[in-house]
Protein chains: 2
Amino acid sequence: MPVDPLNGRREVTVSDVAAAAKVSKATAARVLGGYGAASEAVRDRVQAAADELGYHPNALAKTMTTGRSNSIGIIVGDIENPFFAQATRGAADVAKAAGYDLILLNSDEEADAEQNAISVLLAKRVDGILVAPASTTDPSSLREAVERGRPLVLFDRVADGVDVDTVVADNLAGSRQLTQVLLDAGHRRIAFVSTIAHSSGYRVGDRLGSSSVDDRVRGFVGALADAGIDDPGRFVHLNARRDGVDAIVRRLIDDGITGIVASDSLIGQAAFRKMRSLGIRIPTDVSLVAFDDADWTSLSAPALTVMSQPIHELGAEGARLLIRRIAGDRAPTEHVVLAQRLVERESVAPPPA
Amino acid sequence: MPVDPLNGRREVTVSDVAAAAKVSKATAARVLGGYGAASEAVRDRVQAAADELGYHPNALAKTMTTGRSNSIGIIVGDIENPFFAQATRGAADVAKAAGYDLILLNSDEEADAEQNAISVLLAKRVDGILVAPASTTDPSSLREAVERGRPLVLFDRVADGVDVDTVVADNLAGSRQLTQVLLDAGHRRIAFVSTIAHSSGYRVGDRLGSSSVDDRVRGFVGALADAGIDDPGRFVHLNARRDGVDAIVRRLIDDGITGIVASDSLIGQAAFRKMRSLGIRIPTDVSLVAFDDADWTSLSAPALTVMSQPIHELGAEGARLLIRRIAGDRAPTEHVVLAQRLVERESVAPPPA
DNA sequence: TTGAAAGCGCTAACAT
DNA sequence: ATGTTAGCGCTTTCAA
């Protein structure tokens, strides 16, 4: 007499229904599970018994025998970050339509947490994993998933040496274009600011820990170089978390910078606030542009010129790729690159004379 | 020779490790699972065999026998809504600390989707469910969870006739206080705007589909009544989704309203945009206040006066309550009410003469 | 179309 | 401290 150890209740099982309907367990399972064949009479009888007893399937038991859980794991930096929230929704919708649920884990962009998350998901036998990898250059945290042959798809960032499907935004082109807006307005002293950690001062050619930031920096440097600006690398400011966006912005102003490219919406926000508190007028004194068309960028005064990301689609397409693999697709790995879109608003003007 | 049906690989099991270490399955399980006792020698031998073979536990099999999945389900209106994203993060942190993962489902505030989500979670044998119920007045979608005795906790909204733990913000007091700001500035014609669906025109005493909005409306009406304003119910505007916030705002202006209380940040944002496009100055022409201290409210010009919600804590406390129940606590149901906090900024001024 | 029996990987009694 | 055995609820051969 099996009893739920959690609340002492007895759950109705296939066996119970079978007994009540006077058929074998196999037959009851077939009609309840909707597979195999059964005569109409039997089907009705079983269904009636199931309703009568209050049968509810145990998806775990099913997973034990079929090997499929109809769950996929998603690992994001921080679900509280609107970027990840949107991407997660995109993934959730696609997943749901295909009959999958999402197990959500936050990595806080830490490799250890990410690795641990993967272990947990694997132990729970998810059918596949969708992750925005914390590190592009050190993909060891993803190893277990790959080694154990679970479908894995990367979104927003790629990871070196990990041969799986990926979906990212075209940060290189987007960054070039965004930087160009400043260049076209006449700016020559433009800074790029990011929170990404980097051991030393940035030098052109350095590889950054996140492929998307890496691409953004390369686009920025490329645009400056094309504009004939000497040693563009010196305009790249990383480690903003450690050093503080406020301090960096203040230093930038002192250095006579006239334009700023914020590597993401959070940095843009911090820079915006700091300049306001410093009494620096945007765009009269300094022009500011940022990645991500976040809510606030169209509500602020001035509204910000931004490079809009296909965030929802990043998650949705990631889920699509993953589900395809789960279904058994053995095609060569695919690398989807989604376009970004420039939204010009009021935060750019020519540099002060 | 068991084989993973998903990718044709053989997973290493406790039995394999036991055989390799020349101990019984039970012993191997004991050291691998970290329960029961084992001599140091055996422990080392088993561990070595496990490492050697590459053993990875199957959490599902464990759940089958223990009845505990170490997963909790969370059902939100829409994870893309920053409110739910924050609450989810709060819940995720508490859950993780206690060894639980989150299965995330969006209800889109629809009872059907909510009910379905609950069925799915129950089938997956989550240890408990955390939900922001789509409907306060029709809790039938929650029935299955209650009937089947799974721990259930409601957050942000309560549900009639469902005797489970709840955690909500003090919307009644918050709304009173927020409305009072407008009253104190001298406003007498103040509108409350919400997207919540309501069959007919609002009348004082009507029960709304969301307890939090219901409380906000009651707080608003109460404050107006206390200020001696006649028939406060006529200032309540619901169905903003159907009728359109834009249209409502326009009509309000025509009606000579001088102050608006936005029922949530999204409405506040829509109203803000509409007034800006109409050339209506905030707060010179119309004062605007809203619930939720969302990002944009401090970046906009003017910055908004808002009633800040303990969003993170709503999720965190919900998870705490739930985990307590999962642990077997049989105390009477608890109803936690968290304080809100007024943040005064620049969007309120006396009404125009 | 239906049934019997084995098995998924693990834990929990119960013995020893 | 260790082993034996049964069982969680389902699906899946294989036979009938």
Side-chain angles (χ1 to χ4, degrees), chain A residues 1-46 50 53-70 122-125 148, chain B residues 1-46 50 53-70 122-125 148:
Chain A
M1 202 177 297
V3 160
D4 185 328
L6 206 52
N7 57 17
R9 299 198 188 193
R10 173 77 168 70
E11 298 266 2
V12 177
T13 72
V14 170
S15 287
D16 300 322
V17 175
K22 300 190 198 313
V23 296
S24 74
K25 212 170 62 169
T27 299
R30 280 191 270 255
V31 355
L32 261 15
Y35 58 92
S39 68
E40 181 144 355
V42 166
R43 208 164 20 220
D44 291 348
R45 200 137 46 85
V46 171
L53 298 178
Y55 169 76
H56 296 283
N58 181 334
L60 261 30
K62 182 174 189 173
T63 301
M64 283 291 291
T65 80
T66 61
R68 318 204 41 151
S69 61
N70 294 308
L122 255 14
K124 294 205 172 170
R125 293 300 187 261
R148 293 177 56 193
Chain B
M1 200 177 296
V3 158
D4 185 328
L6 205 54
N7 56 19
R9 300 199 189 194
R10 173 78 169 68
E11 296 265 3
V12 176
T13 73
V14 170
S15 288
D16 299 323
V17 175
K22 300 190 196 309
V23 296
S24 74
K25 212 169 66 167
T27 299
R30 279 191 271 255
V31 355
L32 260 16
Y35 60 92
S39 69
E40 181 145 356
V42 166
R43 210 170 12 229
D44 291 349
R45 201 139 44 86
V46 170
L53 297 178
Y55 169 77
H56 297 283
N58 181 333
L60 261 29
K62 181 172 188 173
T63 300
M64 281 292 291
T65 80
T66 61
R68 318 205 41 153
S69 61
N70 293 309
L122 254 15
K124 293 205 172 171
R125 293 300 189 262
R148 295 176 59 194

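Every chain is numbered from 1 and lettered A, B, ... according to where its sequence line falls, protein lines coming before strand lines. A quick note: this is a predicted structure, and the numbers were derived from the prediction, not measured.
With rounding to whole Å, Lys22(B) atom NZ is found 17 Å from dT2(D) atom C1'. If you measure from atom CG of Leu32(A) to atom P of dC10(D), you get 8 Å, rounded to the nearest angstrom. Distance, Leu60(B) CG to dT11(C) C1': 15 Å, rounded to whole Å. Distance, Asn70(B) CG to dT11(C) C1': 14 Å, rounded to whole Å. Rounded to whole angstrom, the span from the CD atom of Glu40(B) across to the P atom of dA1(D) amounts to 12 Å. If you take NZ of Lys124(A) and C1' of dG9(C), they are 16 Å apart, rounded to a whole angstrom. Atom pair Glu11(B):CD and dC8(C):P shows a separation of 13 Å (rounding to whole Å applied). If you take CZ of Arg68(B) and C1' of dG9(C), they are 20 Å apart, rounded to a whole angstrom.
Contact between Asn70(A) and Lys124(B) at its shortest, heavy atoms only, is O-NZ, 2.9 Å. Taking both residues in full, the closest heavy atoms of Val14(A) and Lys25(A) are given as CG1-O, 3.5 Å, listed atom of the first, atom of the second, then distance. Val46(B) and Leu32(B) make their closest contact through CG1-CD1, 3.8 Å (heavy atoms, listed as atom of the first residue, atom of the second, distance). For the residue pair Ala18(A) and Ser24(A), the shortest heavy atom distance occurs at CB-O, 3.6 Å. Closest approach of Lys22(B) to Arg45(B), counting heavy atoms only: O-NH1, 3.8 Å.
The side chain of Arg30(B) approaches dA13(C) more closely than any other nucleotide in the set dT11(C), dT12(D), dA13(C). Set against dG9(C), dA6(D), dT12(D), the side chain of Met64(A) has dG9(C) as its closest nucleotide. Checked against dT11(D), dA4(C), dA12(C), the side chain of Ser24(A) finds its nearest nucleotide in dA4(C). Residue Asn58(B) places its side chain closer to dC10(C) than to any other of dT11(D), dA1(D), dC10(C). Comparing dT2(C), dC10(C), dC10(D) against the side chain of Val42(A) picks out dT2(C) as the nearest. Side-chain atoms of Ala29(A) lie closest to dT11(D) of the nucleotides dT2(D), dT11(C), dT11(D). Here the nucleotide nearest the side chain of Thr65(B), chosen from dA4(C), dA1(D), dG7(D), is dG7(D).
Judged by closest nucleotide on DNA chain C, Ser39(A) is the one of Lys25(A) and Ser39(A) placed further toward the 5' end. Comparing Ala38(B) and Ala26(A), the nucleotide of DNA chain D nearest to each residue sits closer to the 5' end for Ala38(B).
Contact check, Tyr55(A) against dC10(D): a side-chain N or O comes under 4.0 Å of OP1 or OP2. Contact check, Thr27(A) against dG3(C): a side-chain N or O comes under 4.0 Å of OP1 or OP2.
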